[in-house]
2 protein chains.
Amino acid sequence: MQAEVPQAKGNTGLVGGAISAITAHIRDGELSPGDKLPSESVFARDLAVSRTVVREAFRSLAAMRLIEVSTGKRATVAKLDHTAISPLIEHGVSTEQISILQVYDVRRTIETRTATLAALHRTGAQSREIAALAETMQNSFLDPAAMMEADIGFHLAIARAAKNPIYPLIVGAFEGVTRQTWPVGWKSRSSESEQHHMLDIHSDLASAIAAGNPEQAAELMALHFDASVRALLAAGIS
Amino acid sequence: MQAEVPQAKGNTGLVGGAISAITAHIRDGELSPGDKLPSESVFARDLAVSRTVVREAFRSLAAMRLIEVSTGKRATVAKLDHTAISPLIEHGVSTEQISILQVYDVRRTIETRTATLAALHRTGAQSREIAALAETMQNSFLDPAAMMEADIGFHLAIARAAKNPIYPLIVGAFEGVTRQTWPVGWKSRSSESEQHHMLDIHSDLASAIAAGNPEQAAELMALHFDASVRALLAAGIS
DNA sequence: CGATCAAACCTATCATACAGGTTTGCATAT
DNA sequence: ATATGCAAACCTGTATGATAGGTTTGATCG
């Protein structure tokens with residue numbers, strides 16, 4: 001029968017109401033990241049519910065990364081955190097609702113744009129950070145784990161340099177999945193020349209961004225993802 | 001001093017441990033969306049913690065949309081839901097960590113791609129759905145609220161037609177923000193010809209997708225967003 | 001064999017209690 | 001007057017037990 005869905009999920013019950021009240025408090029109070037929220041007891045009294053209900057609401061908001069909680073201290077409004085969406089994507093992949101290739105299609109789309117924007121907007125310090133990470137990759141030829149971490153940091157640094165906080169959010173969403181699949185792609189680049197070629201693309205990309213060449217940066221990023229997809233396909237990943 | 005961060009946030013304390021245990025249960029049990037989880041009491045016994053802790057863990061996972069809970073019934077593994085990320089983006093905007101223009105840059109990037117993929121992969125039913133929504137927009141000239149809902153549905157339908165579940169997730173992330181800013185953009189298209197032009201672009205886009213013309217679909221989507229950004233800028237939105 | 005209903009199970013919420021971390025302000029010493 | 005240090009007040013984390021009300025299941029009865 002599919003009855004009406006009055007207001008999206010999460011608003012049902014006292015906990016949902018508390019969540020709405022707390023988000024309204026943040027919005028209407030025009031609070032900024034770091035600002036403190038009233039204590040659980042205060043909300044419980046104001047909303048006339050038990051502290052249990054408020055606690056579950058706080059936990060929910062903390063899980064969504066809207067607030068931060070910690071022992072003894074009052075909860076604070078959260079700063080955007082690039083790891084916020086990662087659990088959702090990992091869940092999608094682990095339950096086979098999302099394939100690895102689908103992840104790479106989105107990454108290619110998004111990161112071609114971050115490369116463009118990074119070339120346009122990066123600061124000097126960001127150029128150096130990106131170049132340093134590319135170099136760390138080159139120097140980690142015998143330590144794939146270290147190379148992977150540098151690679152992840154490299155892509156995230158480019159997203160940050162795009163000067164739009166949504167991009168790190170999206171790039172970060174795929175971090176968990178990347179940690180699980182990166183070694184597969186690396187191993188499937190069987191010849192040393194293939195492996196060096198991948199490292200060189202990273203270095204060239206760092207240079208294009210440092211040089212402020214958005215077209216070249218975008219093209220290199222696209223090439224990088226095309227090669228990655230080929231490597232994953234070669235490894236039998238679908 | 002910034003001590004080491006062993007494993008990203010959320011793993012501290014008993015609740016964090018419970019969350020890990022539950023996600024591990026889903027992953028290791030290779031559960032699929034809809035599958036039932038053990039009850040709170042069972043987890044409480046198995047993990048040797050109180051039901052309070054397990055409940056907070058369940059609530060957290062429900063907030064992240066990894067599971068679904070409802071009264072009386074046992075929790076189930078969640079299907080991906082396009083509204084999952086919306087609260088996070090709304091939070092970013094309401095706390096002034098994200099600007100509207102930044103939202104539109106991401107949307108343009110993502111939706112140019114969804115238009116391309118939709119033109120390539122859409123089914124007949126999806127073509128018809130998209131066309132019907134474009135027509136609803138045309139017919140809602142005197143009812144902006146209805147037009148907005150059709151517009152939101154239109155973009156989401158295209159994302160679904162792209163046959164990659166991550167795209168609806170991202171497009172859906174901006175739904176809440178769009179509801180807040182859409183009227184501004186509409187009103188700022190002052191002349192009737194401007195307004196009709198926007199409606200026509202939607203119809204043309206629907207046709208391009210139905211015709212299986214990815215280049216044209218992508219170009220129309222890009223034009224649409226360029227016009228939207230101009231409208232928002234004209235309205236003084238930054 | 002099918003309809004009915006009660007028992008068993010499950011989640012939602014509440015009240016209370018206590019342990020341990022944090023903040024604050026007062027008292028004391030310099 | 002200022003700085004130091006400590007204790008009280010406050011806050012979160014977790015546990016326990018109780019009750020209300022929704023859901024599932026299986027035995028019973030027609």
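Labels below follow one simple rule: chain letters A, B, ... track the order of the sequence lines, proteins then strands, and each chain is numbered from 1.
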Considering only heavy atoms from C-beta outward, does the side chain of [X] approach that of [Y] to under 4.5 Å?
X: A/Asp105; Y: B/Leu117; answer: yes
X: B/Leu37; Y: B/Val77; answer: yes
X: B/Leu233; Y: B/Leu101; answer: yes

Next item on the list: Select from B/Phe58 and A/Ala48 the residue whose nearest nucleotide in DNA chain C is closer to the 5' end of that strand.
Entry: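 Here B/Phe58 is the residue nearer the 5' end.
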Check: Across the strands shown, which category fits A/Thr52 at heavy-atom distances under 4.0 angstrom: base, sugar-phosphate, nothing?
Finding: base
Between [N] atom [atom2] and [X] atom [atom1], what is the distance in whole Å?
X: A/Glu68; N: C/dG21; atom1: CD; atom2: P; result: 20 Å
X: A/Glu40; N: C/dT22; atom1: CD; atom2: C1'; result: 14 Å
X: A/Lys36; N: D/dC10; atom1: NZ; atom2: P; result: 15 Å
X: A/Arg55; N: C/dT16; atom1: CZ; atom2: C1'; result: 15 Å
X: A/Glu56; N: C/dT11; atom1: CD; atom2: P; result: 12 Å
X: B/Leu14; N: D/dG13; atom1: CG; atom2: C1'; result: 8 Å
X: B/Leu47; N: D/dA15; atom1: CG; atom2: P; result: 11 Å
X: A/Leu61; N: D/dT12; atom1: CG; atom2: P; result: 14 Å

Item checked: Any donor-acceptor pair under 3.5 Å from B/Thr23 side chain to B/Ser20 backbone ->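 Flag set: sc B/Thr23 to bb B/Ser20 pair under 3.5 Å.
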For [X] and [N], is the shortest distance between a side-chain N/O and OP1 or OP2 below 4.0 Å?
X: A/Ser50; N: C/dC14; value: yes
X: A/Arg74; N: D/dC10; value: no
X: B/Arg59; N: C/dT13; value: yes

Item checked: Closest-nucleotide 5' rank along DNA chain D - winner of B/Thr71 and A/Val42 ->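 Comparing both residues, the 5'-ward one is A/Val42.
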Notebook entry, point to check: With a 3.5 Å cut-off and just heavy-atom distances, do the side chain of A/Arg51 and the base of D/dG13 make a donor-acceptor pair?
Noted result: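 Flag set: donor-acceptor pair detected.
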Next item on the list: Could you work out which one of D/dT14, C/dC14, C/dC10 sits closest to the side chain of A/Val53?
Entry: C/dC14
Item checked: Working for ring-ring contact (aromatic ring centres under 6.0 Å, His included), residues A/Phe174 and A/His155 -> CA-CA 11 Å; A/Phe174 303 120; A/His155 287 272; over 10 Å; no
